[in-house]
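Below: one structure, written as structure tokens.
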Amino acid sequence: FFFQAEDGIRDIGVTGVQTCALPIYTGSAKHREWLVQRAQHRGYVIDNHQLWRAGAVQPVASEEAFYHLLDLPWIAPELRDRIVDEASLALPDALLTRADMISDLHMHTTWSDGRGSIAQMADAARQHGYAHIAITDHGALIGITNGLDTKRLRQQRLEIDAINEQYRAAGIAFHVLHGVEVDILVDGSLALPNAILHELDIVVASPHIHLRQPADVATTRLIDAIMHPAVDIIGHPRGRIIGGRLGAPVDMPAVSAAAVAHGVALEVNSGPDRLDIDGELVYEHVRAGGLITVNSDAHDMDNLAWIAQGVATARRGGVTPAHVINTWSLPQLTSYLARERHK
């Protein structure tokens, strides 16, 4: 078994010792230094991947046992970069898990640029254990991605209503919310009329174009969208593409503060080319009292599995289920979506 440490690849064996190596090397250098110091104060020596006492290797059966020997609770791997001393040892009651997720609130179908019908996406979501989903095809924007205008959104609503009726008639406890992913334009306005936005169950507003604005303009653009009374979620706030573009130079603390003030959730987009927002931004947003949504942004049925990556990203931010609107029951979610908003 080999492990990529900061200073090279180490062979840490195939038995026993990896239970020490994983907590030692999965965190930051500062986390490791802290563990070494705690071990020394308790009569142990950490040497590479092993725990020694009185010249003998100490068998450690599990990561939990390793931390217990250092008088610590088990620290989840996703948190180890941040926990570097006693002052930072503030563990959440229970980190978000995939099992906590009962909805996916951002996905696309053949109505825009997706490769699955509404019925196919809904049935696939049921197979993933969800209780409800939101169909959020792209809104119209100068013909990009076959986006939906007001007329087509109203036509789509009829299909979603029919699918929900089929589930009800079959006694299946599953519901499809009707939404849209609307583009945030360069001036912070939205690319669809207010009238249709207010008819929808849920609105995801996302930046896709003109992302090279100055930081103050890019930030104001997002804040203006957050202040729109129809917006529930800001999708992939910076618009980055990993390996493709950095995304907008947004002042995320300012965006987070606006989202908290207006009760708008910031998205952890699970797409492998986005993963936006990242763990550090999640951590700061939740600390400020903000809500998170973790979505697949799926464009076909197989993409729904991407949600695992978003959950992992949210966990790096120390997120509990209570912070994530995808863990809420349908009545709780619809109550949130129906909240009174004023610009």
Side-chain angles (χ1 to χ4, degrees), residues 105-108 112-114 134 136-149 153 179-194 196-197 200 202-278 280-282 284-285 290-299 306 310 313 325 341 343:
L105 302 176
H106 181 177
M107 65 181 68
H108 303 270
S112 63
D113 61 341
T136 56
D137 277 302
H138 289 283
L141 177 65
I142 58 175
I144 293 176
T145 65
N146 192 33
L148 281 68
D149 58 13
L153 279 165
V180 72
E181 183 181 18
V182 61
D183 282 275
I184 304 172
L185 300 178
V186 292
D187 63 353
S189 63
L190 304 182
L192 284 170
N194 289 343
I196 187 62
L197 293 175
L200 299 169
I202 188 168
V203 173
V204 179
S206 304
H208 290 104
I209 60 171
H210 301 297
L211 300 179
R212 297 188 177 219
Q213 297 172 302
D216 58 337
V217 177
T219 301
T220 299
R221 175 185 183 181
L222 283 190
I223 291 174
D224 284 348
I226 288 168
M227 293 173 62
H228 193 291
V231 170
D232 304 297
I233 293 168
I234 297 295
H236 47 74
R238 295 173 298 180
R240 76 175 184 181
I241 300 293
I242 296 172
R245 66 185 184 217
L246 294 176
V250 177
D251 179 351
M252 283 306 300
V255 169
S256 173
V260 172
H262 291 273
V264 170
L266 297 187
E267 181 184 63
V268 176
N269 188 292
S270 303
D273 60 345
R274 290 198 184 272
L275 298 178
D276 183 23
I277 53 179
D278 58 34
E280 283 301 314
L281 294 177
V282 169
E284 296 299 337
H285 183 59
L291 293 172
I292 291 292
T293 179
V294 181
N295 299 312
S296 67
D297 195 359
H299 284 66
W306 287 349
T313 298
I325 66 175
R341 294 278 309 281
K343 184 164 182 178

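I184 places a side-chain heavy atom less than 4.5 Å from the side chain of L190. Using a 4.5 Å cut-off on side-chain heavy atoms (C-beta onward), I226 and I234 make contact. Residues S270 and V294 have side chains in contact (heavy-atom distance under 4.5 Å, counting atoms from C-beta outward). Within the 4.5 Å cutoff, no side-chain heavy atoms of P249 are placed close to those of R212. Here the side chains of M252 and L266 are in contact, with some heavy-atom distance below 4.5 Å. A heavy-atom distance below 4.5 Å is found between the side chains of L105 and I325. Between L192 and L153, some side-chain heavy-atom pair lies under the 4.5 Å cut-off.
Of the inter-residue distances, the one linking W306 atom CH2 with M107 atom CE reads 12.0 Å to the nearest 0.5 angstrom. With rounding to the nearest 0.5 Å, the separation of CG in L275 from CD1 in I241 is 10.5 Å.
Considering every non-hydrogen atom in both A254 and I223, the closest pair reads O-CD1, 4.0 Å. S206 approaches G235 most closely through the heavy-atom pair OG-CA, 3.4 Å. The minimum heavy-atom distance between D137 and S112, with the atom names listed, is OD1-OG, 2.6 Å. Taking both residues in full, the closest heavy atoms of L200 and V180 are given as CD1-CG1, 3.4 Å, listed atom of the first, atom of the second, then distance. In terms of heavy-atom proximity, V182 sits nearest to A191 at CG2-N, 3.5 Å.
Side-chain atoms of D183 and H138 include no donor-acceptor pair closer than 3.5 Å.
Shown are D297, N146, T136; of these, the side chain to side chain donor-acceptor pair (under 3.5 Å) with H108 is made only by D297. Each of L185, V255, L211 was compared with R221 under the side-chain contact (heavy atoms from CB on, under 4.5 Å) criterion, and only L211 meets it. Only one option out of T220, T219, L281 pairs with V250 in a side-chain contact (heavy atoms from CB on, under 4.5 Å); it is T219.
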Step-by-step ring pair (Phe, Tyr, Trp, His ring centres under 6.0 Å) determination, H262 to H228: CA-CA 9 Å; H262 291 273; H228 193 291; over 10 Å; no

Under the side chain to side chain contact (heavy atoms under 4.5 Å, CB included) rule, what do I292 and I277 come out as? Steps first, then yes or no, please. CA-CA 10 Å; I292 291 292; I277 53 179; 4.0 Å; yes

When you look at I209 and L141, which way does the side chain to side chain contact (heavy atoms under 4.5 Å, CB included) test go after all the steps? CA-CA 10 Å; I209 60 171; L141 177 65; 3.9 Å; yes

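The backbone N or O of G239 lies less than 3.5 Å from a partner atom in the side chain of R245, making a donor-acceptor pair. With hydrogens and angles ignored, the 3.5 Å screen pairs a side-chain donor or acceptor of R274 with a backbone N or O of R240. The closest donor-acceptor contact from the side chain of D276 to the backbone of N269 lies at 3.5 Å or more, if one exists at all. Judged by distance alone, with hydrogens and angles left aside, the side-chain atoms of H285 form a donor-acceptor pair with the main-chain N or O of L291 at under 3.5 Å. Put simply, the side chain of E267 never gets that close to the backbone of I233: no donor and acceptor are under 3.5 Å apart.
More than 12 heavy-atom neighbours from other residues, nucleotides or ligands sit within 6.0 angstrom of CD1 on I242.
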